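Each remark here refers to the structure printed beneath this line.
Computed from a predicted model, the values in this text were never measured in an experiment. Throughout, protein chains are lettered first and strands after them, A, B, ... in sequence-line order, and every chain is numbered starting at 1.
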Amino acid sequence: MDEWRAPRDRIRAMHTVVIAGIVIAVLLPAIPLVIWSLSGGWWFPRLLPEQWSLRSWRYLASPASRVAEATRNSVIIALATTAVSVPLGVPAGRALGLYRFRGKRFAEALVFAPLIVPALAVIMGVQVVLIRAGISATLGGVVVAHLLPALPYMVMVMRAVFSAYDPEYEQQARSLGASRWETLLHVTVPAVLPGVVTGALFVFLISWSQYALTLLVGGGRIITLPVLLFAFVTAGDHAMTGAVSLLFLAPALLILVVSARMLGGRSAGVSGLEGV
Amino acid sequence: MIRVGLEDVTYTYPGTDRPAVDAVSLTAEPGELVALLGPSGCGKTTLLKLIAGLLPSDRGMIRFGDRDVTAVPAERRDAVMVFQNHLLFPFMNVSRNIAFGLTMRKRPSAEIAGEVRRMIALMRLEGLETRRPSQLSGGQRQRVALARALVVQPQVLLLDEPFSSLDAHLRDEMRELVLSLKQSLDVTIIFVTHDQEEAVLLADRIALLFDGQVQQAGPPAQFYDRPATRRVAEFFGNRNLIAGTLSSRGASIVKTNYGHFAVSAPNLPDGPVWMSVRPEAIRIAPGDQPAPEGNNRVPATVLRRISMGMRIRCRVALESGVELDVLITDPDGTHGTGGSPDSGLGMPAWHEPSRTVQLQLPPHRIHCFPRNGSEGLAETQLRQ
Amino acid sequence: MTSRHSVASARPALLLAPALLVIGVLFAGGIMLALVQSLGYLPALGMRTLSGDAFIAVLTSRGFLRSLGLTLWVASVSTVLTVLFGLITALVLRRRLRNSRLIRFLYQIPLTVPHLVVAVAAAMLLSQSGLLSRLLFHGGLIPAPAAFPELVHDSAGVAIILVYAWKQIPFVGLVALAVFQSVGDDYESVARSLGASRVQRIRHVLIPLSLPAVVPATIIVFAFVFGAFETPLVLGTRFPSMLSVLAYRLYTDSDLTRRPEAMALNLVIALIALVLVALYRGATRVFSERRDG
């Protein structure tokens, strides 16, 4: 048995090292965020704060910090972006995933390009029109800007969902006597719903994480969580930076948990993650 | 050529309770073509992977010749396995696929090129050298997979359902190719199949597996004439089984609840047995004629019949309810005088359904094998 | 309802129209507007003459070349690290993930964490007074914070590279894992049976099998780092800055006449990214043709 076992033990040890590395690497960045958010003072070279404090969390909850306003704006913008992206993205994904038609390659290129070309570079050009239209520095203007990375992402997710979907189920339902509407309700929707929900969650996340476009279009007047976070970073307030970071991070983890549940252990839509 | 010997080989997949391969002992003589036969899930592919070294056996010993290879990992075992769905590497062309094993052995490239050319000629793959697997037909893929295995000159070639993914005519072609390879190459071949006809057609020896255990191993004819158990008989399509009790005082007699049958010395202890008799061994005559000469004459009723060209297969019931298949090789010949000339099917009527016929079971064509106590007479009757 | 292939083009066109309209207006419109403005046509600022001066100014400036160099450097190094560790982790995890949901969950966390948070955490960890520096000091390995290497706000962009590698390793890893899971263990078994050692199996079988998925993923990874904005804003130096940051600085410069330069730079960024788009589509097509024959 030696020839079987000896290399296996070495490989097992190597695997353990890599997995331990993954666990440490993933969790490490959270440590200073948590410690700083609970510190009342933490000078070099101390390993732990000389004073623990809930100051930053208390300040976070107070109106003076504008955290409530920023969170509200972030949620409104992300929900609005999702509310526009889903109804536009699902049918477009169906067209690209199910059908062959003339101009399909052009359509795919147009949808795919904004996922690669930095949105900031493009929206800077659009900004002049947003100003002219009077929606720059409004929530609506920010949502328009967020659509550029979010909507193509939703289309690509739905394209992947629909290319794994067999439309003959619908024909079967029709031939069994279901109306067009009943077919949609009882066949199509249940089949693609997990994909739609996952896509929607990640679209929400794309908008939620967006800093550059909000900064550009909001012009400092639309305060979202990342804008507020960046202000604390610039001000050098480590305690507040840590606390706001953790708050900002929470929905991202929640969405990962939910989407992992939805997809039953499979990875949370690899096709989708490239947009985040 | 090398002898492959398995002793008490056992393997249980992690996380399962029942061994997939359970104490298998088996020998393949040098140059033999051995079939591992069995229904799906019987452990035959697992056994092949154990021989290949792709799974580590929990217990037992595997020998190639005198060499104990139980602990030798697959890559150094000199036993190459060809998988069911050929698994050509999709990113390599035909030549590079064939060269793979030699490349892994770091042979000089001139030698590799020569060996690959030789295999391409042997397998009649000329002109396909630069094709990718996706550009080949099913038969070509299978030949490339064989070439890829044979180029490393393994002592043992292991084939997992090698022909099951091919169309009927390609399958025949490939079977012949394997038989000719066996003659031209010094290699012991073990192959897995679920198809008893294929096993019989190709193998020098068959090992039949059920539930991870070898039920019977031996030359193909044995499985028809001398099945070791009822399951073996049934797997080979033998439905003519009669339960009885053997007693050998003086002559060998099997007592059943429809009379006594004389059998030729079965070399078995007295006790519960199954009698099996092949459909073509049973003699049959019209009911209104004197029964055929000899022992073991029984009347029966025709249930249904199927024309098989020149022959007719009849399903008949004995008085007790036991059903047998009988093959009539001479439907309108000497026995046919009493019947009407035609019944619409081109068959004389004496063996029409519901007619009475006379059967005779020649003692020397009856094979007896032990019957489990649990496989009782009552059960036999239920089964009918 | 008709079958997949014979659908008249009216139906997909109707399904696509709303999304394509929004994307087209924003994307193509943004590029066209950037082009117009880069040529110096900014009526709101009273600039109405067309010229290529902005392009010349941008392309010949020392800042642009340094920024381009830094951007390509950061993108290349983090892409190499990402693919390397993505493949290593995928190779290790391919048997484990089936069993451990916790490891699977942990592995995916970086994908959803916003860049800004990762950048902030990286600053707290890697700066000269950061957590790692404190740990080394206590271990007696460095005498003072200044002895800790400059990883943040440095000219090599080390912290930026690490942030992007951290974010994207699981992306490449999951892409490779999806391949490993779909091809199963049998190709590896074939290779073993033909005499391939463990290292040979990885090099000659597993990696080539994963390339049709990993190469396009690599291009996406590179493109993302190429357009990096908030991470270098937190972790980068003021000079040279990465291209997106430079464009933003030019755009928000108090000297409004620099707007055309910002737009010209945006077009250069978009052009390079579009080349990456073409590469991506080319790569996926080459690999799918190879597979399908």
Side-chain angles (χ1 to χ4, degrees), chain A residues 15 18 22-23 26 29 32-33 36 44-45 47 88-89 91-92 94-95 98-102 107 110-111 113-114 116-118 120-126 128 147-148 151-152 155 167 170-171 174 205 209 211-212 226 229 233 241 245 248-249 252 255-256 260 265 267-268 270 273-274 276, chain C residues 1 4-5 7 9 12 15-16 18-20 22-24 26-27 29-31 33-34 37 89 92 101 103 105-114 116-118 120-121 124-125 129 131 134 137-138 145 171 174-175 178 220 223 227 229-230 234 244 247 251 263 266 269-270 273-274 276-277:
Chain A
H15 283 196
V18 171
I22 290 172
V23 173
V26 168
L33 293 177
W36 270 114
F44 191 91
L47 272 181
L88 296 191
R94 180 177 174 109
L98 279 189
Y99 305 121
R100 289 187 190 168
F101 52 91
R102 282 209 311 171
L110 183 60
V111 174
I116 296 277
V117 176
L120 184 65
V122 178
I123 294 295
M124 248 187 248
V126 179
V128 102
L147 283 176
L148 185 61
L151 177 55
V155 177
E170 292 172 5
Q171 293 164 23
R174 295 297 298 276
L205 193 58
S209 311
Y211 170 69
L229 172 57
V233 172
T241 301
S245 289
F248 185 34
L249 176 66
I255 283 173
L256 185 60
S267 41
V270 170
L273 299 166
E274 56 207 41
V276 180
Chain C
M1 279 269 191
R4 187 179 286 240
H5 304 301
V7 164
S9 56
L15 293 172
L16 266 171
L20 278 194
V22 172
I23 297 170
L26 280 174
F27 185 73
I31 294 210
L33 286 167
Q37 295 173 69
T89 50
V92 168
R101 301 190 84 175
I103 300 253
F105 177 72
L106 274 176
Y107 189 61
Q108 294 182 37
I109 284 180
L111 292 167
T112 57
V113 179
L116 196 52
V117 173
V118 189
V120 164
M124 290 172 171
L125 272 176
S129 60
L131 196 56
R134 294 172 195 238
F137 180 85
H138 277 268
F171 170 58
L174 288 175
V175 165
I220 289 179
F229 180 73
E230 52 252 58
V234 175
S244 290
Y251 183 78
M263 293 301 158
N266 281 333
I269 293 172
L274 283 171
L276 293 172
V277 172

- Max heavy-atom pair count under 4.5 Å with chain A, selected residue of C/Gly24, C/Pro18, C/Pro145: C/Pro145
- Query: So, do A/Pro91 and C/Leu16 sit near enough that their side-chain heavy atoms are less than 4.5 Å apart?
  - Reply: no
- Among A/Val117, A/Val126, A/Val23, the residue with the most heavy-atom pairs under 4.5 Å to chain C is A/Val117
- Select one option (side chain, backbone, both, neither) describing which atoms of C/Pro110 are under 4.5 Å from chain A's heavy atoms. side chain
- Which atom pair, heavy atoms only, marks the closest approach of A/Ala113 to C/Val277? CA-CG2, 4.1 Å
- Contact part of C/Phe229 toward chain A, heavy-atom cut-off under 4.5 Å: side chain, backbone, both or neither? side chain
- Might you point out which heavy atoms bring A/Ser209 and A/Phe248 nearest each other, and give the distance in Å? CA-CZ, 3.8 Å
- Message: Could you report the tightest heavy-atom contact between C/Ala121 and A/Pro32, atom names first, then the distance?
- Response: O-CG, 4.2 Å
- Item | Flag side-chain contact, heavy atom, 4.5 Å: C/Leu174 against C/Tyr107 | yes
- Query: If you count heavy-atom pairs under 4.5 Å with chain C, which of A/Pro118, A/Ala121, A/Ala212 comes out on top?
  - Reply: A/Ala121
- Toward chain C, the part of A/Ile22 with a non-hydrogen atom under 4.5 Å: side chain
- Okay, side chain of C/Gln108, backbone of A/Leu256: is any donor-acceptor separation there less than 3.5 Å? no
- Message: Shorter than 4.5 Å, heavy atoms on both sides: which option in A/Ala95, A/Pro226, A/Gly89, A/Ala107 has the most such pairs with chain C?
- Response: A/Ala95
- Message: Is A/Leu229 close to chain C through its backbone or its side chain, or both, or neither, when contacts mean heavy atoms under 4.5 Å?
- Response: side chain
- Task: Compare every heavy atom of C/Ala273 with every heavy atom of A/Ile116, then report the nearest pair and how far apart it is.
- Result: CG2-O, 3.6 Å
- Can any side-chain N or O of A/Ser245 pair as donor or acceptor with the backbone N or O of A/Leu33 at less than 3.5 Å? no
- Item | Expected output: side-chain A/Arg94 to main-chain C/Leu15 donor-acceptor under 3.5 Å | no
- Item | Structural part of C/Phe137 lying under 4.5 Å from a heavy atom of chain A | side chain
- Item | Pairs of heavy atoms under 4.5 Å with chain A: top-ranked of C/Leu33, C/Val92, C/Val234, C/Leu131 | C/Val92
- Choice from A/Val122, A/Ile123, A/Val128, A/Leu249 maximising heavy atom contacts with chain C below 4.5 Å: A/Val122
- Contact origin within A/Val18 toward chain C - heavy atom pairs under 4.5 Å: side chain
- Taking every heavy-atom pair that is under 4.5 Å apart, which of A/Leu120, A/Leu151, A/Leu47, A/Leu148 has the most such pairs with chain C? A/Leu47
